[in-house]
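Residue numbers count from 1 along this sequence. Since the structure is predicted, the reported quantities are computational estimates derived from the model, not experimental observations.
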Amino acid sequence: MTSMDSKAVFPPRQSISEDLIVYIKQQILNGQLNPGDRIVETKLAGELGISQTPVREAIRRLQGEGIITVVPNKGPMVCTLDKKDVFEIYSIRSMLEGQAIRLAVLRASDRDIAELETFYEQMKEKLDDFSVEYLLDDSFHIHETIIKLSQHSRLISTYQSISFQILLANRLLGTKKTKQTEVEQHWELIEALKRRDTDSAEQTMRRHIYRSYCDFVELNGLDASPEELDEKTWL
């Protein structure tokens, strides 16, 4: 983590550990902390002008979320994603988001879908904006919106519980995918909603996530098993 003059970043109050959790997660998603990096409690506390107590609490809670692991003789480290983690993240997404888009087809209003299409058009405009390197946030917003349009509270809650792992996997994949690919691959989800065909929408979503999983495996050189790469496992 780079040194910073942040003595006033976190005011002394009871929720400081929650602020710190958000801060550490953002550092990971921004690439300032990477999988495998150590988190030195004393250094972090000193940089932010806080005591080590909230740092320890934040690390404990992040450990419970599977974001940080404590390694003997090394201390807290950002968890890495192995091939088992990646398969489980993408496969559970396939199930959750497949069901979500089915329900969204039935429950989303025409206005809901039109608003998502407007967002997509704004995403497309960023293709010519050279100051925008990746479209990870835009892609995630489309998926998250479809989840919310399902209006299924437990599905939404389950998705939120793994959303950081999804974002981390997206970050590791998205830095290797072009903006053009991101735009092209997400139009199919908008089209699926507009067709109002539940079976077709679910298949489109599952295939979309399966393709992303295959891209991740290929671009990161993972040795996935044949059944994990078999389309029948996903559709």
Side-chain angles (χ1 to χ4, degrees), residues 1-93 131-141 143-144 157-177 182 212-213 215-224:
M1 182 183 294
T2 57
S3 180
M4 54 188 291
D5 183 12
S6 306
K7 300 296 183 182
V9 170
F10 300 114
R13 55 191 176 87
Q14 191 171 3
S15 64
I16 190 169
S17 61
E18 295 189 5
D19 292 334
L20 187 54
I21 287 169
V22 173
Y23 175 77
I24 293 173
K25 286 181 175 180
Q26 201 58 52
Q27 293 280 297
I28 296 170
L29 294 179
N30 288 342
Q32 292 168 291
L33 279 172
N34 292 294
D37 283 355
R38 288 184 61 204
I39 297 178
V40 181
E41 295 179 13
T42 53
K43 181 181 178 183
L44 182 59
E47 288 174 345
L48 300 177
I50 58 179
S51 72
Q52 286 183 246
T53 300
V55 175
R56 292 194 190 100
E57 172 63 15
I59 287 173
R60 184 188 67 78
R61 290 173 58 182
L62 288 168
Q63 186 179 7
E65 292 184 37
I67 296 169
I68 286 177
T69 184
V70 178
V71 180
N73 301 319
K74 290 186 178 180
M77 301 178 70
V78 180
C79 285
T80 58
L81 294 180
D82 62 23
K83 64 180 183 179
K84 181 176 182 291
D85 296 323
V86 173
F87 173 73
E88 291 185 355
I89 291 168
Y90 279 97
S91 58
I92 195 67
R93 282 189 64 193
S131 68
V132 178
E133 192 172 359
Y134 309 117
L135 294 173
L136 299 178
D137 290 342
D138 301 74
S139 299
F140 183 75
H141 177 81
H143 285 270
E144 188 177 42
S157 177
T158 301
Y159 187 84
Q160 289 173 341
S161 72
I162 62 168
S163 62
F164 181 82
Q165 294 177 354
I166 293 171
L167 283 167
L168 180 56
N170 283 350
R171 190 206 114 192
L172 296 175
L173 174 61
T175 55
K176 300 181 181 181
K177 293 180 72 172
E182 288 284 337
S212 292
Y213 170 72
D215 288 345
F216 192 105
V217 168
E218 180 181 357
L219 293 172
N220 289 279
L222 297 182
D223 183 23

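Counted within 6.0 Å of CG on D137, heavy atoms from surrounding residues, nucleotides or ligands total 12 or fewer; the atom is thus considered open.
Between D85 and L81, the shortest heavy-atom contact is OD2-CA, 3.7 Å. Heavy atoms only, all atoms of each residue included: Q165 and E65 are closest at NE2-O, 3.6 Å. Nearest heavy-atom pair across A58 and S17 is CB-O, 3.8 Å. Smallest separation of non-hydrogen atoms from Q52 and A45: CG-CB, 4.0 Å. The minimum heavy-atom distance linking L33 with R171 is given by the pair O-NH1, 3.6 Å.
Legend: residues meeting side chain to side chain contact (heavy atoms under 4.5 Å, CB included) with S51, ordered by chain and number and at least two apart, are T53, P54. Residues satisfying the salt bridge (charged side-chain N to carboxylate O under 4.0 Å, His left out) criterion with E133, sequence neighbours excluded, are absent altogether. Qualifying salt bridge (charged side-chain N to carboxylate O under 4.0 Å, His left out) partners for K84, counting only residues two or more places apart in sequence or in other chains: E88.
Note: R61 CZ to I21 CD1 = 3.5 Å, rounded to the nearest 0.5 Å. Taking CG from L29 and CG from L168, the interatomic distance works out to 6.5 Å, rounded to the nearest 0.5 Å. Between the CD atom of Q26 and the CG atom of L167 there is a distance of 9.0 Å, given to the nearest 0.5 Å. With rounding to the nearest 0.5 angstrom, the CD atom of Q27 is 8.5 Å from the CG atom of L44. Here the NZ atom belonging to K43 is positioned 11.5 Å from the CG atom belonging to L48, to the nearest 0.5 angstrom. How far CZ of R38 is from CD1 of I68: 12.5 Å, rounded to the nearest 0.5 Å.
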### Message
Between E182 and D138, does the side-chain contact (heavy atoms from CB on, under 4.5 Å) criterion hold? Intermediate values first, please.
### Response
CA-CA 9 Å; E182 288 284 337; D138 301 74; over 6 Å; no
### Task
Given side-chain contact (heavy atoms from CB on, under 4.5 Å), test I89 with I162 step by step and report yes or no.
CA-CA 8 Å; I89 291 168; I162 62 168; 5.7 Å; no
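At a threshold of 4.5 Å between non-hydrogen side-chain atoms, the residues V86 and N220 do not count as touching. The shortest distance between side-chain heavy atoms of P76 and Q63 does not fall below 4.5 Å. Considering only heavy atoms from C-beta on, L173 comes within 4.5 Å of Y90 through its side chain. At least one side-chain heavy atom of I50 sits under 4.5 Å from a side-chain heavy atom of L20.
Side-chain atoms of K83 never come within 3.5 Å of backbone atoms of L222 as a donor-acceptor pair (strictly under, hydrogens ignored).
Under the 30°/60° scheme for interplanar angles, the aromatic rings of Y159 and F140 are found to lie parallel.
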